[in-house]
Amino acid sequence: MTPGAARRRPGVVPAVLPRAFYAGDPVVVAPLLLNKLLVRSDRVGGDRVGGDRVGRIVEVEAYRGSEDPASHAFAGPTKRNTVMFGPPGHLYVYFTYGMHWCANAVCGPAGTGHAVLLRALAPLSGLEAMRGARRAGTADRHLTSGPAKLCQAFGITSDENGADLVTGDHGLTVVDDGMAPPSDPGVSGRIGIRRAADRPWRWWVPGDPHVSRGRPGPAS
DNA sequence: CTATAGATGCCCT
DNA sequence: GGGCATCTATAGC
């Protein structure tokens with residue numbers, strides 16, 4: 001069987017990112033996550049169910065814990081942000097606007113509350129599973145072009161809060177298939193926040209049509 | 001294509 | 001009770 005869903009490239013073995021990858025500062029880790037793959041492999045009793053859902057990460061934002069007024073971790077540990085203060089490499093999922101879920105990779109040393117928000121993916125595999133029943137008519141371009149959209153496409157809810165992206169205990173991993181991050185990523189202020197909106201901590205893959213609709217250029 | 005309004009519930013002060 | 005790390009439908013160019 002083919003291990004993982006990533007299509008093999010010559011000379012490259014797709015590899016799940018190790019925990020050490022996430023242990024750095026989120027301002028460094030975030031742009032390095034560009035062009036990595038988010039993979040969901042659903043299994044029941046050890047048997048694979050359906051095809052993997054795979055998307056390439058094309059937009060991210062860094063949130064820098066207690067030093068960042070825009071971070072959910074800014075005011076210290078609470079019931080909601082518990083996972084952020086745990087070890088890196090886990091998924092922090094939060095609920096917002098009464099109806100949407102968003103997902104972050106916890107970064108930095110345990111206890112810092114650092115994280116990287118996954119804002120957009122380019123869908124590669126399992127698009128029909130991503131559409132599901134609720135989004136049957138959704139065009140490819142709009143399936144995962146936003147932080148809440150990608151969670152819906154991948155079925156990420158509170159059940160996945162705390163999922164370990166390194167062990168894949170919830171079927172979710174981040175995989176390096178050998179594509180390097182862009183050498184000159186787009187940079188701007190973060191989207192949809194009011195505090196610390198000027199910090200240039202959003203990065204995207206230039207020219208990718210799946211980048212979310214936000215501020216066009218660098219923070220103005 | 002852009003702009004705007006409304007949905008809707010949880011967390012935290 | 002205020003404020004959301006958003007999305008979709010709809011109206012108007």
Side-chain angles (χ1 to χ4, degrees), chain A residues 22 25-27 29-31 33-34 38 55 57-86 88 90-108 112-121 123 130-163 165 185-204 207 209-220:
Chain A
Y22 301 96
D25 192 293
V27 172
V29 173
L33 278 167
L34 293 175
L38 180 66
I57 298 169
V58 297
E59 182 184 352
V60 292
E61 285 177 357
Y63 285 86
R64 215 160 173 284
S66 61
E67 299 158 30
D68 180 2
S71 171
H72 291 168
F74 182 62
T78 65
K79 180 180 179 182
R80 175 174 68 164
N81 66 22
T82 300
V83 173
M84 297 184 88
F85 287 94
H90 289 253
L91 200 67
Y92 164 56
V93 181
Y94 68 91
F95 184 70
T96 191
Y97 291 107
M99 63 195 91
H100 296 305
W101 300 96
C102 296
N104 298 251
V106 173
C107 293
T112 57
H114 292 170
V116 173
L117 173 66
L118 304 178
R119 281 199 59 90
L121 311 174
M130 294 184 191
R131 288 190 180 89
R134 282 198 64 231
R135 308 179 75 204
T138 305
D140 294 2
R141 177 174 175 151
H142 301 300
L143 264 182
T144 52
S145 58
K149 289 193 242 182
L150 73 87
C151 282
Q152 185 168 8
F154 276 67
I156 294 172
T157 68
S158 60
D159 289 345
E160 283 70 34
N161 188 37
L165 297 171
V187 184
S188 81
R190 295 169 290 181
I191 302 295
I193 58 170
R194 302 185 54 96
R195 302 181 304 180
D198 56 325
R199 300 189 188 186
W201 290 350
R202 169 184 178 236
W203 295 267
W204 68 88
H210 307 280
V211 171
S212 73
R213 198 82 179 140
R215 248 172 304 192
S220 53

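In what follows, every heavy atom counts, from backbone to side chain, and hydrogens, waters and symmetry copies are set aside. Because the structure is a prediction, the values reported are computed rather than measured. Numbers restart at 1 for each chain; the letters A, B, ... are given by sequence-line order, proteins then strands.
The side chain of A:R213 approaches B:dC1 more closely than any other nucleotide in the set C:dA5, B:dC1, C:dC4. You'll find that the side chain of A:H100 is closest to C:dC7, out of B:dG9, C:dC7, B:dC12. Of all nucleotides listed (C:dT6, B:dC12, B:dA7), B:dA7 comes nearest to the side chain of A:M99.
Rounded to whole Å, the distance from CZ on A:R80 to P on B:dC10 is 13 Å. One can place CH2 of A:W101 at 19 Å from P of C:dC4, the figure rounded to the nearest angstrom. Distance, A:I156 CD1 to C:dC7 C1': 17 Å, rounded to whole Å. Regarding A:Y92, its OH atom lies at a distance of 10 Å from the P atom of B:dC11, rounded to whole Å. The nearest whole Å value for the distance from the OH atom in A:Y97 to the C1' atom in C:dT8 is 14 Å. In this structure, the NZ atom of A:K79 is 9 Å from the C1' atom of B:dC11, given to the nearest Å. The CZ atom of A:F74 sits 14 Å away from the P atom of C:dA5 (whole-angstrom rounding). Rounded to a whole Å, the CZ atom of A:R195 is 13 Å from the P atom of B:dC12.
Under the 3.5 Å distance criterion, the side-chain polar atoms of A:R131 are matched with a main-chain donor or acceptor of A:T138. Listed for the A:N81 side chain is a donor-acceptor partner under 3.5 Å among the backbone atoms of A:H72. A:R135 places a side-chain N or O within donor-acceptor distance of the main-chain N or O of A:H142, the cut-off being under 3.5 Å. Between the side chain of A:R190 and the backbone N or O of A:A62 there is at least one donor-acceptor pair closer than 3.5 Å. A donor-acceptor contact shorter than 3.5 Å is absent between the side chain of A:R119 and the backbone of A:E61. For the pair A:D68 (side chain) and A:A70 (backbone), a donor-acceptor distance under 3.5 Å is present.
Here A:F95 does not lie in a stacked arrangement on the base of B:dG9, lacking the combination of planes under 30° and ring centres under 5.5 Å apart.
With contacts defined as side-chain heavy-atom distances shorter than 4.5 Å, the pair A:R64/A:D25 qualifies.
Contact record, A:Y92 with A:N161: CA-OD1, 3.5 Å, taken as the closest heavy-atom pair.
The side-chain contact (heavy atoms from CB on, under 4.5 Å) with A:W203 is formed by just one residue from the set A:V58, A:L33, A:V187, A:V116; it is A:V187. Of the candidates A:F95, A:F154, A:Y94, A:W101 forms a ring pair (Phe, Tyr, Trp, His ring centres under 6.0 Å) with just one, namely A:F95.
Looking at A:Y94, its side chain comes within 3.5 Å of the base of C:dA5 through a donor and an acceptor atom.
If you check every strand for non-hydrogen atoms under 4.0 Å, A:R135 touches sugar and phosphate atoms only.
For C:dA5, the OP1/OP2 oxygens have a side-chain nitrogen or oxygen of A:H72 closer than 4.0 Å. One finds no side-chain N or O of A:R194 lying less than 4.0 angstrom from the OP1 or OP2 phosphate oxygen of C:dG3.
At a non-hydrogen distance threshold of 4.0 Å, A:G146, A:P147, A:A148, A:K149 from residues 144-154 of chain A come into contact with DNA chain C.
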TODO: Go ahead and write out DNA chain C as dot-bracket, 5' to 3': ( ) for pairs within the strand, [ ] for ones crossing earlier pairs, | when the partner sits on another strand, dots for unpaired; Watson-Crick or G-U wobble, both distances under 3.5 Å.
DONE: ||||.|||||||.
